[in-house]
Number of protein chains: 2
Amino acid sequence: MNLKELSSRLGLSPTTVSRALGGYPEVNAETRARVTEAAARYNYRPNKRAQALATGKSFNIGHVLSTRNKDELVNPIFGDFIGGLTERSAASGYSLSLTLTEVDAEEAMFRKLKSEGAVDGIVLQSPRTNDNRIALMHDIGLPFVVHGRASDIEAPYAWVDVNNRRAFERATAFLIDLGHRRIGLVNGDERMDFAARRRSGYQDALRQVDLQPDETIMRAGPMTEDNGHAAVAQMLSMDNPPTGFVVSSITLAIGARRAIQEAGLVMGRDVSVVAYDDDLSYLSNRQDVPVFTAVRSSVREAGQKIADMLIRQINATSTAPDRELLEAELVVGTSTGPVV
Amino acid sequence: MNLKELSSRLGLSPTTVSRALGGYPEVNAETRARVTEAAARYNYRPNKRAQALATGKSFNIGHVLSTRNKDELVNPIFGDFIGGLTERSAASGYSLSLTLTEVDAEEAMFRKLKSEGAVDGIVLQSPRTNDNRIALMHDIGLPFVVHGRASDIEAPYAWVDVNNRRAFERATAFLIDLGHRRIGLVNGDERMDFAARRRSGYQDALRQVDLQPDETIMRAGPMTEDNGHAAVAQMLSMDNPPTGFVVSSITLAIGARRAIQEAGLVMGRDVSVVAYDDDLSYLSNRQDVPVFTAVRSSVREAGQKIADMLIRQINATSTAPDRELLEAELVVGTSTGPVV
DNA sequence: CACCGCATCCAAAGCGTTTTGGATAGCTCT
DNA sequence: AGAGCTATCCAAAACGCTTTGGATGCGGTG
């Protein structure tokens, strides 16, 4: 059932039917009722492909996953982030179009998406410090919103980010308030902008109480359980081990807990841990009393905001790019305690 | 730059240019060279929307996420699965189109995707036993491949699945061989087909050595760290606690480990755990000696196979639906040992 | 030499919408 | 009564491609 067929059955022109369904004013109320009734009866839906060609919009928002090599980690927050994105874009009739590319072919992929007209806008994730994709997107001229920010980029662009610096400042200060003076950091890859910001928040908190940040108790790397375990195990075996740790994800924290237990210590008593909690649905830290003391901000919610923002930008003629800074919430769990 | 523009610059008709780029034979080799050169120079790419309309194909494969409620878990294997899917579909020029819907609106969504011509085929995930979506897809007439199977459905359909029954039979038998006689099960939601199959594999292994399956040491529920912890903690506190556990995911196993440690026991010595390992990239169990003894099958690889299979099915005229049963591999880690 | 087959190209007709630019009729005003 | 609106509808163009159904010219054949 297509427009022509439907309109001929109704004895109307395609124009009128299209307008009736599109909600345009220049159609008689009675006719509109007839049309909508018939459309429902015949289960007519405008063909997306034709609609896309006629309107010049694809009703797709794009997200490209780029891998350095085939085995590279899928981002653990990916699922929840996509969930949030999809949730809101679906509500506006957009669907999310995923493509995958190797990192060298990333630029070509973005240009392709643009010249093919495959997407109306793009969501960028995990910016590195001074990420070149932002300039690229400006050059290409496709609406985009960044999940996170890239330091050192002056040109305005739309983003949604968590106040990572502040979150880690608070996490660290929380441990300091409990009497901890030697606090280790287990961070994500610090070429990522969020990780760099977290580190600076951590250092700021230390300096505020005249503690000298110590490079030997800072680690950065992929945020796997393994790495959390390795980093903490290694730091605990030092001569002057930390009594507290600030770690960049729940997964790392789980590894940290394992290392602490293996060292014959008790987390929350002998060693404290504060985690960054993305509020991932498959790694809940939302018990009545959370297992981990954490600074929490929902990545799913960020996805929702980003989708809304991007769609607004697509439909807007020309406004200054939106930006939104989310604050992480501190939740106190059982993984922290006063220094012994 | 579009086809008309490009062809007029070349002094050729759109037909010839289209054919030259499309690789059709009826075009002079020299002309083809000129055309491809010019296309590259002007960075011409056929507009996907127009191409879609003209060919009647969208070059999208669809995947719909349906939630029972807004807070429902995002499936933890989602990220890796999507990764595998995207990886292979991108290679064939397809992109993955995600939409989200509430479970009541699921049927309407599938019908919508069909009538709008938004996708060329669909990937179904997490079938429940006797899943009604399969009959629905047949009715709608859209190519589809299922990740997993649905018992009790006789009509042929394409699927890729792991031999879950066998995997759990082997996992259980492995513990039995180590001398364990009281073996607990921590399963996923048994309305899911895979979980039902795992349970039957577990029970079969017990019966093969004349052990009577005991309902009191079987648990089923969402596969979170929390639930793994709760289930194992509770079973360990029983009068006649299990000495070994078979659990349905690494996340559950991490929770199990926590419960074991809290009980003052040592995993791999006092209590053994065999996990099902989806080989998720953010929860690696691939150390030199894996932490968890596990039956492992890569969900990412399943995604790849599904994408290939679906694209084959889209382009095929009419063949019997493919199906592929993957076997999980048993890897021995440190979480198991002979019964004490 | 007339005819045929082949290689190479093109004009035009879709594909199913939206949108532009009227057309028509009825009504109000002056 | 004629001009000017307004409400309602429609024909046709446009979106940018693919594909059908020829055209054209050339070399080889009988």
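Because the structure is a prediction, the values reported are computed rather than measured.
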**Value in whole Å for how far the P atom of C:dT20 lies from CD of A:Glu26** = 11 Å

**Message:** Using OP1 and OP2 only, check whether a side-chain N or O of A:Thr31 sits under 4.0 Å from D:dC9.
**Reply:** yes

**SB check B:Asp120 B:Lys57 (cutoff 4.0 Å)** = no

**Message:** Has A:Arg32 got a side-chain atom pairing as donor or acceptor with A:Tyr24's backbone, closer than 3.5 angstrom?
**Reply:** yes

**Request:** Verify the neighbour count for atom CZ of B:Arg191: are there more than 12 heavy atoms of other residues, nucleotides or ligands below 6.0 Å?
**Result:** no

**Request:** Specify the separation, in whole Å, of atom CG of B:Leu12 and atom P of D:dA23.
**Result:** 20 Å

**Request:** Would you kindly give the CD-to-C1' distance between B:Glu5 and D:dC17, to the nearest whole Å?
**Result:** 15 Å

**Asked** Would you say A:Asn28 reaches D:dA7's phosphate, i.e. side-chain N/O to OP1/OP2 under 4.0 Å?
**Response** no

**Message:** C:dC10, OP1 or OP2 - any side-chain N/O from B:Thr16 closer than 4.0 Å?
**Reply:** yes

**Prompt:** Any donor and acceptor pair, going by atom type alone, linking the side chain of A:Asp278 with main-chain N or O of A:Leu280 inside 3.5 Å?
**Reply:** no

**Message:** If the threshold is 4.0 Å, N to carboxylate O, is there a salt bridge linking A:Asp139 and A:Arg111?
**Reply:** yes

**Prompt:** Whole Å only: how far is the CG atom of A:Leu10 from the P atom of D:dC9?
**Reply:** 12 Å

**Item:** Ion pair B:Lys305/B:Asp308, N-O distance below 4.0 Å
**Value:** no

Pairs under 3.5 angstrom, nitrogen or oxygen only, protein versus nucleotides 16-18 of chain C, please.
from, atom 1, to, atom 2, distance (Å)
C:dT17, OP1, A:Tyr44, OH, 3.3
C:dT17, OP1, A:Asn47, N, 3.3
C:dT17, OP2, A:Leu3, N, 2.5
C:dT17, O5', A:Tyr44, OH, 3.1
C:dT18, OP1, A:Gln51, NE2, 3.0
C:dT18, OP2, A:Ser18, OG, 2.5

